[in-house]
Q: 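Below is one structure. I have some questions about it.
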Amino acid sequence: MKIVNFLYLSIVLLCCQIGFSQTIWQGQYQSYRIIVSGDFDAKKDSLSFSIPELGSDCKVAVKAAADSVSFKNDMYGYTFKGKYSPDKTAVTGIFNNYSIPNAAVVLNKQNQIKPLFFAQHPQKPYPYEVKDFTFEGKNTKLAYGATLTLPKNRKKYPLAILISGTGQHDRNYTFMGREFFTVLADYLARNGIASLRVDDRGFGKTAGDFESATTGDFADDIEEEIAYLKSDKNVDASYIGLIGHSEGGMIASIVSSRNKDVKFMISLSGVGVSGLEMLNLQNTAILKSFNFTDEVVAKQMELYNILFKAVYETKDDESVKPVMEIKLKEWMQKQDSVMLKKVQLWEGREQTFLYRYGKDADRKWYRYTIHYNPEDYLPKIKIPVFVGNGDRDIQVPALENINSFKKYLGTKDLTLKIYPGLNHMYQHCRTCTQKEVKELDEVFAPEVLDDISKWILQRYKK
């Protein structure tokens with residue numbers, strides 16, 4: 001059993017490269033690209049096949065007729081049967097696999113492998129300016145890779161710095177192929193709002209060590225971004241604001257509480273409660289999403305909160321692992337074998353659990369976030385604030401976090417909104433589990449994009 005990390009939004013992309021070929025047949029189902037390398041009509045017994053997002057790379061046996069194509073790999077259970085388009089530039093059919101059953105897929109003829117694509121991703125030519133560049137932080141001494149999106153033919157505009165959530169991300173906040181910030185920047189620019197998005201530390205063209213950094217360090221990065229914008233004579237930096245998602249909302253709160261150049265703040269599924277309370281809320285919601293019984297959830301959370309408290313009380317320069325081992329052993333001795341099996345802590349599995357959680361719990365980032373106290377920052381924020389959450393968010397549960405923002409924020413201009421039917425990534429969801437995120441084609445709910453833009457413009461006119 002693995003404790004879910006604080007605001008943990010991990011992305012694992014196992015990329016597999018297909019060798020160069022004159023022809024590529026590529027389709028997409030949800031977050032998976034389905035790629036065949038080679039000519040179907042080349043009279044070859046097999047061709048190279050790949051699903052990069054699953055790390056799949058193998059050969060498939062191919063059969064081609066005048067109007068149809070099929071291929072299969074018995075070992076991996078891949079099958080496809082389809083019909084050519086009249087001009088033979090596409091094959092429409094059904095793909096089957098253990099992970100992707102009965103998927104309607106169109107394989108389009110390409111000359112190279114294309115990235116994942118979703119309908120909300122903007123396409124060139126853009127009706128706004130996009131500038132990619134790097135700059136150096138005066139205090140951090142780090143190089144930052146950035147993209148500035150500016151409305152065309154405007155010298156004056158509001159400007160939003162976009163702040164991503166937990167985990168190491170590129171400037172586009174790419175999550176399972178969906179470019180969260182590219183879509184947001186596009187919508188903002190089309191409505192006259194500029195934006196800056198930046199690669200996280202140690203990613204893309206940004207330097208630094210991500211693993212040793214804390215949320216406080218990421219807040220320092222935002223300060224450097226503000227300083228850069230103010231120094232660029234070609235940028236209107238008179239009305240800078242912050243838009244943070246998830247942990248980015250916490251970062252926005254920290255920076256907004258101390259930087260007088262920040263004129264507005266938008267927190268999307270940001271943290272309004274303490275680190276300890278967030279861990280309890282988040283893990284409870286995620287465990288329930290797996291349909292564990294109330295009894296099992298209660299028992300798991302009983303243990304988790306014991307361990308959370310142990311981490312909280314451990315000094316920053318000390319390892320929590322010895323204390324955790326004692327606490328876990330004491331807790332297990334009080335449980336019967338039936339319960340231990342239900343919480344998956346039996347036959348030595350507790351050692352795997354201890355290793356995984358202990359490794360995370362000793363990170364500087366984890367120690368910083370578990371000690372986060374909204375009372376240290378929110379009362380100092382006097383600028384206009386918009387706080388949004390999806391009501392189906394299981395990573396930052398809406399009601400408790402919204403209420404905490406309402407309780408502690410010092411601003412008189414506060415907008416609070418809970419969106420029905422939206423998950424943590426602002427998609428309209430059905431099961432609303434973490435797993436479902438990759439099954440939804442939507443990148444960013446349009447109603448939230450619209451609210452953000454209108455809210456900023458209303459305050460900019462004041």
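One-based numbering along the sequence shown.
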Q: Apply ring-ring contact (aromatic ring centres under 6.0 Å, His included) to Phe386 and list each qualifying residue two or more places apart in sequence or on a separate chain.
A: Trp455
Q: For a quick check under 3.5 Å, do Asn102 and Asn96 share a side-chain donor-acceptor pair by atom type?
A: yes
Q: Flag the pair Lys152 / Arg154 as yes when at least one side-chain heavy-atom distance between them is below 4.5 Å, and no otherwise.
A: no
Q: Under 3.5 Å, is there a donor-acceptor pair linking the side chains of Asn259 and Glu223?
A: yes
Q: Suppose we screen for side chain to side chain donor-acceptor pair (under 3.5 Å). Which residues come up paired with Asp199, at least two apart in sequence or across chains?
A: Arg171
Q: With no hydrogens and no angle check, just 3.5 Å: does a side-chain donor-acceptor pair link Tyr426 and Ser269?
A: yes
Q: What closest approach, in Å, do Lys341 and Trp346 show between heavy atoms, and which atom pair accounts for it?
A: CA-CD1, 3.3 Å
Q: For Glu179 and His121, which I'm curious about, is there any donor-acceptor pair between the side chains at under 3.5 Å?
A: no
Q: Check the surroundings of atom NZ in Lys63: do more than 12 heavy atoms from other residues, nucleotides or ligands lie under 6.0 Å from it?
A: no
Q: Partners of Ser99 by side-chain contact (heavy atoms from CB on, under 4.5 Å), sequence neighbours excluded?
A: Leu54, Asn97
Q: So among His424, His169, His245, which one has a ring pair (Phe, Tyr, Trp, His ring centres under 6.0 Å) with Phe180?
A: His245
Q: Should we count CG of Asp45 as having more than 12 external heavy atoms under 6.0 Å?
A: no
Q: I want to check something: taking the side chain as every heavy atom from C-beta on, are Val271 and Gln282 in contact at a cut-off of under 4.5 Å?
A: no
Q: Which of parallel (below 30°), tilted (30 to 60°) and perpendicular (above 60°) describes Tyr304 and Phe353?
A: parallel
Q: Would you indicate whether Asp294, at its atom CG, is surrounded by more than 12 heavy atoms from other residues, nucleotides or ligands within a distance under 6.0 Å?
A: no
Q: Assess whether atom OH of Tyr368 is packed by more than 12 heavy atoms of other residues, nucleotides or ligands within 6.0 Å.
A: yes
Q: Is the closest side-chain donor-acceptor distance between Asp232 and Tyr228 under 3.5 Å?
A: yes
Q: Suppose we screen for side chain to side chain donor-acceptor pair (under 3.5 Å). Which residues come up paired with Arg190, at least two apart in sequence or across chains?
A: Asp186
Q: With sequence neighbours left out, write down each residue that passes salt bridge (Lys or Arg N to Asp or Glu O under 4.0 Å) with Lys138, or none if nothing qualifies.
A: none
Q: Would you kindly check if the NZ (Lys) or CZ (Arg) of Lys88 is within the cone defined by 45 degrees around the ring axis of Tyr84 and under 6.0 Å from the six-membered ring centre?
A: yes
Q: How about Asn172 and Thr174: does a side-chain donor come under 3.5 Å of a side-chain acceptor?
A: no
Q: Please say whether more than 12 non-hydrogen atoms of neighbouring residues, nucleotides or ligands are located less than 6.0 Å from NZ in Lys81.
A: no
Q: Among all residues two or more places apart in sequence or in another chain, which pass the side-chain contact (heavy atoms from CB on, under 4.5 Å) test with Asp209?
A: Glu211, Ser212
